[in-house]
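Below, chain A is the first sequence line, B the second, and so on; all start at residue 1. Every heavy atom of this structure was used, including side-chain atoms; hydrogens, water molecules and symmetry mates were not. Only a predicted model underlies this, so the values are computations on that prediction, with no experimental measurement involved.
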There are 2 protein chains.
Amino acid sequence: MTERRPRKDAARNRAAVFAAADALFAECQSPQSVTMADIAAAAGVGKATLFRAFGDRTGLIRALYEARLEPIRNAVEEGPPPLGPGTPPPVRVPALLDAVLCFKLDNRHLALALEGTGADSPYRTEHYERWHTLLRELLEQIPGPADADFTAHALLAATRADLVAYLADERGAPRDELRDRLASFTATVLGTGARQ
Amino acid sequence: MTERRPRKDAARNRAAVFAAADALFAECQSPQSVTMADIAAAAGVGKATLFRAFGDRTGLIRALYEARLEPIRNAVEEGPPPLGPGTPPPVRVPALLDAVLCFKLDNRHLALALEGTGADSPYRTEHYERWHTLLRELLEQIPGPADADFTAHALLAATRADLVAYLADERGAPRDELRDRLASFTATVLGTGARQ
DNA sequence: ATCAAAGCGGACCGCCGGTCCGCATTGTAT
DNA sequence: ATACAATGCGGACCGGCGGTCCGCTTTGAT
């Protein structure tokens, strides 16, 4: 069972495609307006190379998204508190949601592009499953809202990329204000928030 | 200022298109797989008629969505309690969210088709603005969560069509269970919920 | 009955995601 | 160094969809 290593040019092209796609999605307004031919041209690569490496448009965007997501995923799975394991749930839940929010803010072009494919519901992806399961398990360890499963869905829904992008771009909410508002909402849901 | 009445055949065709589109979106799995030519054929109408009447694909879906939404909108704006005005906010807020949820459940094919256009963020639509403003104003009259604006966004996010469709179809949650879970979450956020 | 104008519809266009096949690059075995 | 598979490359090509155009039909007012 010999795992064949990819050729040098293949690896180089893959990296070039990632860089080009990231840049194009970042600077263009609507993700729809970035075509596969655009990405190929910007990466200095033939169109077929894109499809061979990633299958289809959705595959390319997904691969890029997952690559950018990996650091956060690592920090959550094996990093230090307050994000990593071993943190008390009432602390870890807000930390986790804050991390998700920041990621969505920093990578909204990618998140919007990913949902914009229209191909698959964002809820059937593997990474959503991961976030939801972790959050649900943490919520179950906190005396508070009874329905941990739905609460986890609802909290994650408050960090949806298009909502975040709307508040940040259309309504001009600064980053830290959004973080505060989400933290405050989370506290309310957990029952640890101040009531007026 | 004489408002020109549309011709008889124009009105008939418009109705036929609505019916055909509704049926097609309801029976097809992915809204993407319903093409404009399909709708035109099913309605017994030329393709150009669709575009003349509705501008483009998004316009057609939006018109259909708004038409189906109108009864609920009416019930909220001038109907009897608990949905209509004159209801105490702590009662009206859950009623409103329940109505939204039921609408999204009954018309998820349309809601998904509308978002699937990818053209415009669901947050820049006029009807979202309406729901959000009303909900925010009601929340401001309830002693509870401080940030009425964000809370309104978060509560509406919990009724997003793709989340609802995922829970109902993929996870097989029955209608009344979903309504209960959303009601319970709403109660938690409002501070009127039972804590375990 | 007449006739303009409003409306209709199928042929047509441009664009985009995705595929194909002849050619260049790579790594290896001699 | 050299020859040679095999792996990968890329531009030409295809099918299909959203959207437009123009000659024809329907409508309803005179």
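Residues from residues 44-51 of chain A that place a heavy atom under 4.0 Å from any atom of DNA chain D, listed by number: A:Val45, A:Gly46, A:Ala48, A:Thr49.
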Can you name the atoms? Protein N/O to nucleotides 22-25 of chain C N/O, anything below 3.5 Å, with the distance.
residue: C:dT25; atom: O2; partner: A:Arg7; partner atom: NH1; Å: 3.2
residue: C:dT25; atom: O2; partner: A:Arg7; partner atom: NH2; Å: 3.4

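Between A:Arg52 and D:dC9, a side-chain N or O to OP1/OP2 separation shorter than 4.0 Å is present. Contact annotation: B:Asn13 reaches the phosphate of C:dC8 (side-chain N/O to OP1 or OP2, under 4.0 Å).
If you take CE of A:Met36 and P of D:dC13, they are 21 Å apart, rounded to a whole angstrom. One interatomic measurement links the two molecules: CD1 of A:Ile39 to P of C:dG18, which rounds to 11 Å at whole-angstrom precision. Distance, A:Arg57 CZ to C:dC15 P: 17 Å, rounded to whole Å. The distance from atom CD1 of A:Ile61 to atom P of C:dG18 is 10 Å, rounded to the nearest whole Å.
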Listing, residues 81-91 of chain B side-chain donor-acceptor contacts under 3.5 Å, not counting sequence neighbours, or none:
residue: B:Thr87; atom: OG1; partner: B:Pro82; partner atom: O; Å: 3.4
residue: B:Thr87; atom: OG1; partner: B:Gly84; partner atom: O; Å: 2.8

Exercise for review: Let me see the working for A:Phe54 and A:Arg62 under side chain to side chain contact (heavy atoms under 4.5 Å, CB included), right down to the final yes or no.
Suggested key: CA-CA 9 Å; A:Phe54 303 102; A:Arg62 182 151 38 206; over 6 Å; no

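Checked against the 6.0 Å centroid criterion, the rings of B:Tyr123 and B:His132 do not qualify as a close aromatic pair. Annotation: A:His153 is not in aromatic contact with B:Phe185 [ring centroid separation under 6.0 Å not met].
Proximity of a side-chain donor or acceptor of B:Thr133 to a complementary backbone N or O of B:Arg130 within less than 3.5 Å is not detected. Formation of a donor-acceptor pair under 3.5 Å by the A:Ser33 side chain with backbone atoms of A:Gln29 is not found in this model.
Nearest to the side chain of A:Asp56, among C:dG18, D:dC9, C:dG7, sits C:dG18.
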